[in-house]
Amino acid sequence: MSSLEIKNFGILGYPVVHSMSPQVYAAAFKAAGLKNYTYIPIPIQPGKLMLAVEGIKGLNFRGVNVTIPHKTTILKYLDAIDSDALGIGAVNTVVNDGGMLTGYNTDVAGFLAALKEANFLPEDCNAVILGAGGAARAVLWGLCKRRAEFITIGARNPQKADALAKDFMQYGSVEGLDWNSEQFKDAMRTADILINTTPLGMFPNVDDMPPVDLKLLPEGALVYDIVYNPAETKLLRTAKELGYPTLDGMSMLLLQGKESYRLYTGKIPDMKVMTKTLEKLLRGK
Ligand code: NAP
């Protein structure tokens with residue numbers, strides 16, 4: 001089915017030149033016969049965000065994705081915020097309904113859908129999260145929503161891990177620790193899942209990995225790295241060699257894109273097309 005209706009989309013960020021979203025959404029729109037849907041990178045310097053948000057309304061963009069450094073700042077300029085985005089404190093998708101801008105965070109839907117695809121049930125699990133940045137917030141929110149039993153955040157900076165844990169204590173049982181501490185090692189010994197949310201191992205530093213001893217994990221614990229470039233990080237390779245099941249960051253990335261597409265169009269995108277386009281772009285790097 002094809003549509004002649006014109007709808008414009010984009011990604012707001014700075015810098016935004018390396019984003020793969022324009023090609024991935026363009027491929028999905030084309031596959032759906034949405035000939036007049038366009039998706040462009042929109043570089044917006046910090047300090048210009050309020051004007052850019054007004055611009056979305058003025059230019060009647062149907063929606064935008066939001067990336068670094070605007071994911072948190074944009075909340076105050078929107079008309080409504082979805083409960084996930086409010087809980088996480090960050091927006092990655094804005095939908096424009098006739099001048100009313102609503103902010104969403106689809107990272108959490110992507111994270112939980114990826115766990116489901118991997119047949120991992122977060123309910124009542126003991127989870128260890130590595131890193132205390134933006135992505136850790138979405139992961140934490142998802143685990144709290146699904147009533148994980150206990151969540152330990154391990155980071156190189158224990159103050160940041162502790163502050164993040166305090167932000168989420170109202171939603172679940174969460175602690176923040178130095179990932180070199182004995183207490184953190186004890187948490188690893190009872191973990192059902194370990195999730196890396198640091199960029200350690202990401203291209204081009206593919207020989208890096210978080211400095212934790214995977215051998216402490218119980219047999220069968222899932223090792224999940226949300227880094228998607230490369231899909232198999234050194235952390236995952238090491239975990240596989242030790243016999244642990246693993247999950248890479250590609251599915252979270254694709255499934256958050258699926259959810260944003262659904263919010264924009266009310267339809268489900270062709271996931272094969274999105275996956276193929278993303279894989280081709282990553283291979284070309
Ligand atoms: P962020 O907000 O900058 O947070 C990064 C975290 O990692 C911080 O806790 C930071 O610690 C820590 N970290 C950074 N470099 C480190 C190092 N060399 N040694 C130890 N810790 C280090 O970044 P983010 O937005 O959360 O993104 C993190 C990663 O997740 C990126 O690789 C991103 O591509 C990936 N991601 C994937 C998806 C997906 O869909 N698969 C979605 C979102 C993000 P400090 O605070 O001490 O610097």
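These figures come from a predicted structure and were not determined experimentally. Counting starts at 1 for both ligands and their atoms, following the listed order.
- By the definition of a contact as any protein heavy atom under 4.0 Å away, atom 17 (C) of ligand 1 is in contact.
- Taking a cutoff of 4.0 Å between a charged side-chain nitrogen and a carboxylate oxygen, Lys30 and Asp270 do not qualify as a salt bridge.
- Considering backbone and side-chain atoms together, Gly249 places an N or O closer than 3.5 Å to an N or O of ligand 1.
- Looking only at heavy atoms of the protein, atom 6 (C) of ligand 1 is closest to Gly133 N, 4.0 Å.
- Protein heavy atom at the shortest distance from atom 5 (C) of ligand 1 is Pro199 CD, 3.9 Å.
- Atom 29 (C) of ligand 1 has Thr197 O, 3.6 Å as its closest protein atom, hydrogens excluded (heavy atom only).
- On a distance-only criterion, Leu200 and ligand 1 share no N/O pair closer than 3.5 Å.
- With salt bridges taken as basic N to acidic carboxylate O contacts below 4.0 Å, one links Glu259 and Arg262.
- Near Thr198, with a cut-off below 4.0 Å to any heavy atom, the atoms of ligand 1 are 7 (O).
- Put simply, atom 3 (O) of ligand 1 has no protein non-hydrogen atoms near it, under 4.0 Å away.
- Here the protein heavy atom with the shortest distance to atom 19 (N) of ligand 1 is Arg156 NH1, 3.3 Å.
- At least one donor-acceptor pair under 3.5 Å links the side chain of Tyr244 to the backbone N or O of Leu217.
- At distances below 3.5 Å, at least one donor-acceptor pair connects side-chain atoms of Asn65 with backbone N or O atoms of Asn92.
- Protein non-hydrogen atoms do not reach within 4.0 Å of atom 33 (C) of ligand 1.
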Practice item. Take Tyr37 and Asn8, measure what side chain to side chain donor-acceptor pair (under 3.5 Å) needs, and give me the verdict at the end. Key: CA-CA 6 Å; Tyr37 281 33; Asn8 292 317; over 6 Å; no
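- Set against the non-hydrogen atoms of Gly131, the atoms of ligand 1 under 4.0 Å away are 9 (O).
- A salt bridge is defined here as a Lys NZ or Arg NE, NH1 or NH2 lying under 4.0 Å from an Asp or Glu carboxylate O, and Arg156 with Asp178 fails to meet this definition.
- Side chain of Arg137 to main chain of Ile88: a donor-acceptor pair is present (N/O by atom type, distance under 3.5 Å, no hydrogens or angles).
- Counting heavy atoms closer than 4.0 Å to ligand 1, residue Val227 contributes side-chain atoms (C-beta onward) but none from N, CA, C or O.
- In the model, Glu117 has no side-chain atom that pairs as donor or acceptor with a side-chain atom of Ser251 under 3.5 Å.
- Among Arg137, Met250, Met202, Gln256, the residue whose heavy atom lies nearest to atom 31 (C) of ligand 1 is Met202.
- Protein heavy atom nearest atom 46 (O) of ligand 1, with residue, atom name and distance: Lys160 NZ, 2.8 Å.
- Using a distance-only test at 3.5 Å, with no hydrogens or angles considered, a donor-acceptor pair links the side chain of Thr106 to the main chain of Gln256.
- Ligand 1 lies less than 4.0 angstrom from a heavy atom belonging to Trp179.
- The backbone N or O of Ala90 sits less than 3.5 Å from a side-chain atom of Asn105, completing a donor-acceptor pair.
- Among all non-hydrogen protein atoms, the one lying nearest atom 26 (O) of ligand 1 is Ala135 N, 2.7 Å.
- When only non-hydrogen protein atoms are considered, atom 23 (O) of ligand 1 lies nearest to Gly134 N, 4.5 Å.
- Not close to ligand 1: Gly110, with no non-hydrogen atom less than 4.0 angstrom away.
- Residue pairs satisfying the salt bridge (Lys or Arg N to Asp or Glu O under 4.0 Å) criterion with at least one member in residues 236-247, sequence neighbours excluded, are listed as follows: Glu232-Lys240.
- With Asp208, Ile226, Asn205 as candidates, the residue nearest to atom 39 (C) of ligand 1 on a non-hydrogen basis is Ile226.
- From Leu164, atom CG reaches atom CD1 of Ile153 across 4.0 Å, with rounding to the nearest 0.5 Å.
- At the shortest separation from atom 42 (C) of ligand 1 among protein heavy atoms lies Met252 CE, 3.8 Å.
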